[in-house]
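Every chain is numbered from 1, with letters handed out A, B, ... down the list of sequences. The basis for the numbers below is simple: all heavy atoms, side chains too, and nothing from hydrogens, waters or symmetry mates.
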Amino acid sequence: MEKWMLIDGNSIAYRAFFAMPPLTNSAGLHTNAIYGFTTMLLKLLEEEKPTHILVAFDAGKVTFRHEGYTEYKGGREKTPSELSEQFPVLKELIQSFGIAQFELPGYEADDIIGTLTKLADEKEVEAIVVSGDKDMLQLASERVTIALTRKGVSEVDRYQPNEIMEKYGITPQQIIDLKGLMGDTSDNIPGIPGVGEKTALKMLHEFGTVEEVLANTDSLKGKMKEKVEAHQEDARMSKKLATIYREVPLEDKVNEIAYSGYDESQLAAMFRKLEFKSLIERLELPEAGGVGGAATEEAKYEVVPARNLSGDELAAFLAQSESVYFEAIGENPHQAKLIGIAVAGAGGEKIVVITYDELMDPAVAEPVRRWLEDGDAPKRGYDLHKAELALAWIGISLKGTAFDVLLAAYLLDPTESNQTLASLVPRYQLPGLAPDETVYGKGAKFLVPAAEILAGHLAAKAEAIRRLIPLQQADLETGGMHKLYYELEQPLAIVLAGMEKQGIKVNAHTLEDLGSELAQGIARYESDIYAHAGMEFNIGSPKQLGDVLFDKLDLPVIKKTKTGYSTDAEVLEKLEPYHEIVKLILHYRQLSKLQSTYVEGLLKEIRRDTGKIHTYYRQTIAATGRLSSQFPNLQNIPIRLEEGRRIRKAFVPSEPGWTILAADYSQIELRVLAHISGDERLKEAFIQDMDIHTKTAMDVFGVSADQVDSNMRRQAKAVNFGIVYGISDFGLSNNLNISRKEASQFIEQYFEVFQGVRAYMDNIVAQARQDGYVTTLLERRRYLADIKASNFNLRSFAERTAMNTPIQGTAADVIKLAMVRMDEQLRERGLRSRMLLQVHDELVFEVPPEELELMKTLVPEVMENALALDVPLKADVSFGDNWYEAK
DNA sequence: CACGTCACG
DNA sequence: ACGTACGTGACGTGG
């Protein structure tokens with residue numbers, strides 16, 4: 001069975017270039033696009049096992065598309081030299097792979113590919129097209145799959161006509177109509193101005209083709225009708241430009257694309273030139289210098305069930321182990337069931353697997369428990385934080401954390417959302433792991449497999465961890481994150497687990513009383529709303545609510561969502577003057593949110609036996625370095641509005657007579673900004689401990705303190721928020737409900753005064769462009785894949801992220817430091833007080849009466865001295881009988 | 001399971 | 001011309 005793989009060389013090289021961090025070999029040649037291209041190619045070779053391969057390139061600058069439309073692909077930025085220098089080498093490399101490549105003057109890569117897929121359809125041969133360009137979707141058919149790169153080039157989404165229909169509701173042939181209507185800025189294809197993807201799809205769903213749309217302009221209305229009529233020619237031409245030409249004269253070149261594998265020595269020579277050492281190893285190619293034979297061999301190890309060892313043998317094995325994997329089933333570690341443990345011995349020659357049943361057998365359990373609880377016996381694993389909790393609930397206290405590959409992976413790339421062990425190994429060219437889904441199944445079909453199969457799977461994971469450790473340690477070192485890892489994140493994981501195990505007491509009665517009060521209010525609003533609407537409907541359904549508000553009551557449409565009318569609070573506030581019902585809906589929403597999420601939601605999380613709630617802090621989710629909280633989220637308990645704030649009355653000390661003490665950083669993000677920007681005026685404001693929003697108002701509006709009214713302060717506050725988020729006039733105008741012009745004037749005035757801040761914002765973006773990442777004060781790193789994107793939106797987003805992440809991330813560093821120090825202090829001083837919660841800039845404790853006075857000074861002292869900045873840090877303390885009173 | 005909405009910093 | 005403020009998680013609806 002033939003299978004053709006047709007690669008759009010230019011498109012993939014471009015994608016790879018912008019997706020990969022800068023990379024050069026010692027000769028100074030940029031290699032990142034080549035590297036990205038190669039890893040993608042290797043992955044696809046493995047996944048697709050094609051019998052024929054072709055890489056097509058664009059030839060020259062002028063194609064037949066320029067005949068009649070000279071602006072085609074105009075306005076496109078010149079290819080950066082860092083990329084163009086890579087093309088000749090890339091072509092050389094493809095040759096070393098033994099893969100055919102074509103380019104033909106006057107035609108683009110997609111025309112060559114289009115012609116070949118046509119041939120594939122005719123010959124009934126299976127084909128896969130690899131590109132980053134959505135235009136290719138027009139080539140999809142039953143036999144032709146289009147693989148589009150996603151997230152850089154490491155992964156692809158595969159499309160056949162079915163998937164295209166699902167995603168866009170159109171056929172592959174209609175892709176060109178879509179482009180004809182909406183155009184394509186990157187190719188300078190005009191389309192019809194004002195018609196974006198949504199409008200274009202709507203028109204196609206109704207009329208089918210560009211021609212039919214143009215023939216039916218009568219059924220359009222208003223501005224849209226005018227625009228479509230005025231740009232008929234543009235639409236027709238755009239469609240033509242977007243159409244891939246499928247009659248390229250290729251003659252019998254087809255016969256040259258058969259693929260029979262690569263010559264190892266040729267490929268190795270190429271990789272050596274490019275200094276792709278990891279790829280040489282991964283493919284087990286002959287090493288440099290022809291010494292030969294040094295290729296890494298496939299890992300071979302023996303899997304031993306724990307019960308086959310005597311107690312002493314087991315203890316001796318554990319003592320010299322190099323890695324451990326805990327398999328805990330379930331997302332919530334407080335409820336997860338530990339089904340097995342795999343431990344890799346020295347050199348990875350032997351891996352011992354302990355199943356849950358064996359763990360219940362004292363002969364096995366005792367040596368294992370002694371090892372797990374021995375703080376001097378190092379444990380190197382994956383997600384030891386989760387393991388620690390799962391173990392705690394079966395009465396085992398994990399000690400001796402020495403390395404965690406999940407935590408390391410997070411520091412090495414916090415933007416990567418897939419941090420499963422299986423996703424980690426290919427990053428280091430280690431042998432692949434079976435995906436959990438194939439071993440266990442998913443959803444309702446989840447099933448723990450037979451002991452043998454399970455043991456094999458867990459052993460493979462323990463071995464993967466063992467091999468990842470030195471590689472990640474080297475990467476942490478290279479990235480300057482060694483200290484961040486060992487002195488902050490790893491100790492913090494243990495502190496967090498302690499807080500989570502401790503839990504916070506929540507008074508169910510308080511919540512239940514609040515719940516019945518809410519229920520009454522909800523019932524009242526419900527009947528009022530029905531009366532005003534003249535009908536009963538589900539108020540909680542945005543769809544039904546939209547129908548009532550905008551169709552039945554004819555209120556003006558302020559904003560639309562992908563699926564219909566928007567009815568969010570922002571819209572409803574604008575609609576308030578039009579109809580009494582609107583206010584009622586806002587109140588109803590407020591109460592039902594409190595009821596379902598906070599009263600009912602929290603009640604479900606209270607442990608029957610202890611009356612406590614145990615959240616789970618996730619340390620490897622937020623790209624900025626912040627924590628997140630789950631099951632339940634205790635970082636979003638209401639506070640801004642009094643009605644919701646009362647929820648906090650239910651959070652109480654777990655021992656009679658104790659007190660809840662809360663301490664929060666004052667303006668930590670703006671203080672961090674003052675430090676990292678070095679802006680003198682901003683620093684001075686904090687050194688003088690001024691009200692920062694009032695001070696900002698004074699400086700921006702050029703008035704004295706007593707001339708600042710509440711409105712000026714409010715606007716200044718919004719500007720300060722904007723600065724922290726990575727300012728844009730659009731965002732500020734939206735927030736303050738002012739025009740973009742006014743917003744942009746505010747921003748300009750702000751930067752006039754705080755010039756150091758302006759310089760910081762400019763510099764950080766420039767630096768991000770240069771390095772591909774930004775860092776916090778403690779060297780936490782965040783890559784910005786889109787910082788060089790040609791797409792304005794993507795690029796702007798990345799630029800704002802570049803401005804925001806060092807600020808938000810450094811603030812996260814600071815409070816994490818404070819948590820580790822605070823935990824030390826509680827221990828060293830032998831205090832009974834307990835740290836319970838972290839809410840980004842706030843720490844919550846429960847404190848026995850005799851320690852209250854001490855804690856009132858100790859907590860802010862530790863927080864304020866967590867890290868020395870050029871401005872003082874400030875923490876405010878409060879306390880009371882519950883979290884509400886601690887304000 | 002995606003979406004809209006809304007709670008927090 | 002483009003058209004979003006930064007970072008999260010939980011709930012209910014409806015396909």
Have [X] and [Y] got a donor and an acceptor in their side chains that come within less than 3.5 Å?
{"X": "A:S677", "Y": "A:D679", "answer": "no"}
{"X": "A:R740", "Y": "A:S728", "answer": "no"}
{"X": "A:T624", "Y": "A:Q808", "answer": "yes"}

Between atom [atom1] in [X] and atom [atom2] in [N], what is the gap in whole Å?
{"X": "A:L545", "N": "C:dG14", "atom1": "CG", "atom2": "C1'", "answer": "15 Å"}
{"X": "A:N791", "N": "C:dA1", "atom1": "CG", "atom2": "C1'", "answer": "12 Å"}
{"X": "A:F537", "N": "C:dT13", "atom1": "CZ", "atom2": "C1'", "answer": "14 Å"}

*asked:* Using 30° and 60° as the class boundaries, would you call the ring planes of A:H334 and A:H614 parallel, tilted or perpendicular?
replied: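 Plane angle between 30° and 60°, so tilted.
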_Aromatic ring pairing A:Y616/A:F631, orientation class (parallel under 30°, perpendicular over 60°, tilted between)_ =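 Geometry flag for A:F631 against A:Y616: parallel rings.
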*Is there a donor-acceptor contact under 3.5 Å from the side chain of A:D813 to the main chain of A:I815?*
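No; zero donor-acceptor contacts below 3.5 Å.
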*Rounded distance (nearest 0.5 Å) linking atom OH of A:Y725 with atom CZ of A:F721*: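 Separation between the atoms: 5.0 Å.
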How is [X] classified with respect to the nucleic acid when contacts are heavy atoms under 4.0 Å: base, sugar-phosphate, or nothing?
{"X": "A:A811", "answer": "nothing"}
{"X": "A:Q544", "answer": "sugar-phosphate"}
{"X": "A:R589", "answer": "sugar-phosphate"}
{"X": "A:S592", "answer": "nothing"}

*Side-chain contact, heavy-atom cut-off 4.5 Å: A:L627 with A:Q635?*
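Heavy-atom side-chain distance check passes, below 4.5 Å.
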Gap in Å between the two [atom1] atoms, one belonging to [N] and one to [M], rounded:
{"N": "B:dA7", "M": "C:dC2", "atom1": "C1'", "result": "32 Å"}
{"N": "C:dG3", "M": "B:dC6", "atom1": "C1'", "result": "23 Å"}
{"N": "B:dG4", "M": "C:dA5", "atom1": "P", "result": "13 Å"}

*asked:* Counting the benzene-type ring for Trp, do A:F686 and A:H675 have ring centres under 6.0 Å apart?
replied: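 No, ring centres 6.0 Å or more apart.
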*asked:* Across nucleotides 3-9 of chain C, 5' to 3', mark each nucleotide with B, S or - according to how protein heavy atoms within less than 4.0 Å reach it.
replied: BBBBBSB
_Salt-bridge criterion met for A:E500 and A:K386 (N-O under 4.0 Å)_ =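 Salt bridge flag = no for A:K386 with A:E500.
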*Could you tell me whether A:K552 and A:D547 make a salt bridge, using a distance below 4.0 angstrom between a side-chain N and a carboxylate O?*
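Answer for the salt bridge query: no.
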_Base-pair map of DNA chain C as dot-bracket, where | denotes pairing with a different strand and pairs are Watson-Crick or G-U under 3.5 Å_ = .....|||||||||.
*Of all nucleotides in DNA chain B with an atom under 4.0 Å from a non-hydrogen atom of chain A, which is the first and which the last going 5' to 3'?*
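Here the contact window of chain A covers B:dC3 to B:dG9.
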